[in-house]
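Below are the structure tokens for one structure; questions will follow.
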Number of protein chains: 2
Amino acid sequence: MAAEHYDSPDAETLANVVETGLHEGAIVTLQAECEVEYDGRTSGYLGPGDRLLVCKPDGTLLVHQPDGHKPVNWMPAGGTVSARESDGDLVVVARRVNPRERVEVRLIDAYGVTRYDADDAAEYEESGTEDEMHAYIEAHPDELEDGLRIVEHERETKYGFIDFFATDADGNPVVIEVKRIQATLNHFDQLKRYVSLYEDNDEVRGMLVAPSASERVRRALRDSGLEFVELAEFDRDATGTTDAKLSDF
Amino acid sequence: MAAEHYDSPDAETLANVVETGLHEGAIVTLQAECEVEYDGRTSGYLGPGDRLLVCKPDGTLLVHQPDGHKPVNWMPAGGTVSARESDGDLVVVARRVNPRERVEVRLIDAYGVTRYDADDAAEYEESGTEDEMHAYIEAHPDELEDGLRIVEHERETKYGFIDFFATDADGNPVVIEVKRIQATLNHFDQLKRYVSLYEDNDEVRGMLVAPSASERVRRALRDSGLEFVELAEFDRDATGTTDAKLSDF
DNA sequence: AGTTATATATCGACG
DNA sequence: CGTCGATGTATAACT
């Protein structure tokens with residue numbers, strides 16, 4: 001059996017399942033009333049309540065309340081998760097060094113614990129990312145503007161990487177920043193920063209490529225002499241980078 | 001009992017526990033071999049493997065692999081999670097409308113399922129956030145520069161919100177952007193955008209306040225005539241906004 | 001519902 | 001190990 005469950009475990013069982021399970025590469029989940037302390041980049045306290053704890057062998061710890069996508073407290077992978085008894089209660093502690101931080105969960109009442117020896121070699125295959133949008137633009141620069149020619153992809157400058165450095169039909173340089181999602185003011189900022197590298201050249205153009213942009217962003221671009229180009233849909237298959245086996249649904 | 005566990009559940013039991021549990025406000029966790037499809041903002045496929053599923057009554061669905069902080073697939077709160085039989089397998093589907101997206105998990109082999117009627121009224125109390133840093137600066141502007149006077153907090157402009165609008169000892173205006181973490185190029189961008197609103201006024205200063213900044217960011221600031229002010233530690237208690245009951249540890 | 005900015009963001013790539 | 005930029009970012013605040 002890949003999963004072993006214990007109902008209403010005592011502190012000793014809990015400590016054993018957590019410590020041994022994690023050491024042997026299993027995921028350990030607990031249902032328990034608990035209180036939580038965090039100290040690190042900020043600090044905080046969560047009073048007693050029923051939560052779901054997930055401990056992974058890579059040092060990940062998640063504390064989930066009944067609502068919401070994000071764990072209320074957590075530790076990312078890379079640290080250590082351990083369990084010890086303290087005053088008859090079990091205390092689960094997750095730590096890491098960089099940055100130095102700690103999550104401490106004191107279990108008041110454990111309803112259940114499950115050791116799960118999960119075997120998973122699969123990797124997630126994703127399609128429609130910004131990388132694919134780049135590949136599509138590189139293959140179809142005309143979609144942005146007639147006569148546009150890509151000169152360089154990911155050009156490094158002292159202010160960061162420019163998505164595309166191109167030339168237009170008249171041979172003038174064009175700095176291009178590409179976003180997969182609706183353009184924001186920060187994206188405008190980013191483009192402006194890159195264009196500012198060439199401010200001694202009046203001929204240089206700046207182009208923000210995205211599926212959409214708010215009126216405020218469009219105005220900011222206009223005010224700075226920059227351009228917005230809408231690119232909503234791009235043929236994901238045409239890039240040749242997709243190989244996910246998606247069944248039809 | 002707050003938690004009910006079923007070992008090696010059949011598809012009917014699974015469907016019942018998921019549907020009934022979620023409907024009645026419980027968290028449902030599953031250990032199962034499964035494959036996952038996502039379609040929405042992007043699309044993707046995850047081949048068969050052992051994962052932990054977490055379903056919450058608010059429509060949250062999490063699919064966790066054995067490693068890593070982030071779920072490999074998920075649905076945020078606000079949608080619906082449902083379970084149905086298909087070809088003898090159980091299929092868990094999470095959907096939402098805005099944006100329109102769907103996660104579909106086909107269970108190949110379920111090792112265990114737990115219904116958890118969690119009761120949690122506590123709220124997380126946090127200290128050391130950027131809000132508190134703002135409160136500290138508002139109470140102690142001298143920490144940034146002698147004679148500095150805060151004129152306005154969160155000033156709205158056509159290009160977004162300015163953290164602080166202030167005047168220096170000489171009465172010149174100062175635009176201040178505050179970051180709780182090390183300053184990045186994006187933060188520099190943001191400050192520069194706000195300062196650009198006053199570019200007709202040569203006297204206006206721009207100040208980026210953060211615990212640290214990379215050399216690249218400092219150079220970018222210098223090149224644009226903007227200033228960096230280091231504010232690493234601020235007395236969290238002095239702001240009067242903390243009321244978390246942190247036990248000493 | 002749309003926009004803006006924050007986050008204990010996390011994560012990956014690159015130097 | 002630091003820095004930088006993407007993320008199906010999620011989330012809160014405000015319009």
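Every chain is numbered from 1, with letters handed out A, B, ... down the list of sequences.
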Original post:
Out of C/dA7, D/dG5, C/dT4, which has the shortest distance to the side chain of A/Val217?
Top reply: C/dT4

Original post:
Are there more than 12 heavy atoms of other residues, nucleotides or ligands under 6.0 Å from atom CZ of A/Arg219?
Top reply: yes

Subject >> Euclidean distance, atom OH of residue B/Tyr159 to atom P of C/dT4 [Å, nearest integer] >> reply: 13 Å

Original post:
Taking the nucleotide of DNA chain D with the closest heavy atom to each, which residue, B/Val72 or B/Thr184, is nearer the 5' end?
Top reply: B/Thr184

Original post:
With a 4.0 Å cut-off on heavy atoms, is B/Met75 in touch with a base, just the backbone sugar-phosphate, or nothing at all?
Top reply: base

Original post:
At under 4.0 Å, does any side-chain N or O of B/Ser214 touch on OP1 or OP2 of D/dC4?
Top reply: yes

Original post:
Atom CG of A/Asp131 to atom P of D/dG5: distance rounded to whole Å?
Top reply: 15 Å

Original post:
Side chains of A/Thr184 and A/Asn186: do they bring a donor and an acceptor to under 3.5 Å?
Top reply: no

Original post:
Hey, does A/Tyr194 reach any base, or is it just sugar-phosphate, or nothing, if we go heavy atoms under 4.0 Å?
Top reply: sugar-phosphate

Original post:
D/dC14 P sits how many Å from A/Arg216 CZ, rounded?
Top reply: 15 Å

Subject >> Between CG on residue B/Asp163 and CG on residue B/Leu208, distance to nearest 0.5 Å >> reply: 9.5 Å

Original post:
Contact class for B/Glu177 vs. all strands (heavy atom < 4.0 Å): base, sugar-phosphate, or nothing?
Top reply: sugar-phosphate

Original post:
How do A/Arg96 and B/Val178 order along DNA chain C: which one's closest nucleotide is nearer the 5' end?
Top reply: B/Val178

Original post:
So, A/Glu132 versus A/Tyr136: side-chain donor-acceptor pair below 3.5 Å or not?
Top reply: no

Subject >> D/dG5 and C/dT8, which share atom name P, separated by this distance in whole Å >> reply: 22 Å

**OP:** Would you tell me if any nitrogen or oxygen in the side chain of B/Arg193 comes within less than 4.0 Å of OP1 or OP2 on C/dT4?
**Re:** no

**OP:** Can you label the angle between the A/Phe164 ring and the A/His153 ring as parallel, tilted or perpendicular, going by 30° and 60°?
**Re:** parallel

Subject >> Atom-to-atom span, NE2 of B/His187 to C1' of C/dT6 - whole angstrom >> reply: 9 Å

Original post:
Any side-chain N or O of A/Gln182 under 4.0 Å from OP1/OP2 of C/dG2?
Top reply: no

Subject >> Partner nucleotide of C/dT8 by Watson-Crick or wobble geometry (both distances under 3.5 Å) >> reply: none

Original post:
Rounded to whole angstrom units, what separation is found between the NZ atom of B/Lys179 and the C1' atom of C/dA7?
Top reply: 10 Å

Original post:
Could A/Arg155 and A/Phe165 be counted as a cation-pi pair, given that NZ or CZ must be under 6.0 Å from the ring centre and within 45° of the axis?
Top reply: yes

Original post:
Do B/Lys56 and A/Leu52 have side chains that get closer than 4.5 Å, going by heavy atoms?
Top reply: no

**OP:** Round to the nearest Å and state the distance from A/Lys56 atom NZ to C/dT10 atom P.
**Re:** 14 Å

Subject >> Any A/Asn186 side-chain N or O less than 4.0 Å from OP1/OP2 of D/dG5 >> reply: no

Original post:
How many Å lie between CG on A/Leu46 and P on C/dT8, as a whole number?
Top reply: 14 Å

Subject >> Candidates D/dG8, D/dG5, C/dT6 - which lies nearest the side chain of A/Gln190 >> reply: D/dG5

Original post:
Does D/dA10 have OP1 or OP2 sitting under 4.0 Å from an N or O in the side chain of B/Arg41?
Top reply: yes

**OP:** Could you give the distance separating D/dA10 and D/dA6 at their C1' atoms, to the nearest angstrom?
**Re:** 15 Å

Original post:
With a non-hydrogen cut-off below 4.0 angstrom, is B/Pro76 in contact with a base, only sugar-phosphate, or nothing?
Top reply: base

Original post:
To the nearest Å, how far apart are B/Glu126 CD and C/dT8 C1'?
Top reply: 7 Å

Subject >> Nucleotide of D/dC4, C/dT8, C/dA5 approaching A/Tyr38 most closely (side-chain heavy atoms) >> reply: C/dT8

Subject >> No-H, no-angle donor-acceptor pair, A/Asn73 side chain to C/dT8 base, under 3.5 Å >> reply: yes

Original post:
Under 4.0 angstrom, heavy atoms only, what part of the nucleic acid is B/Glu101 near: base, sugar-phosphate, or nothing?
Top reply: base

Original post:
What integer number of Å spans the C1' atoms of D/dT7 and C/dT6?
Top reply: 15 Å

Original post:
Between A/Lys70 and C/dA7, is there a side-chain N or O to OP1/OP2 distance below 4.0 Å?
Top reply: no

**OP:** Specify the residue among B/Val103 and A/Asn98 whose closest nucleotide of DNA chain D lies further upstream toward the 5′ end.
**Re:** A/Asn98

Subject >> Ring-on-base stacking D/dG8 with B/Trp74 (under 5.5 Å, under 30°) >> reply: yes

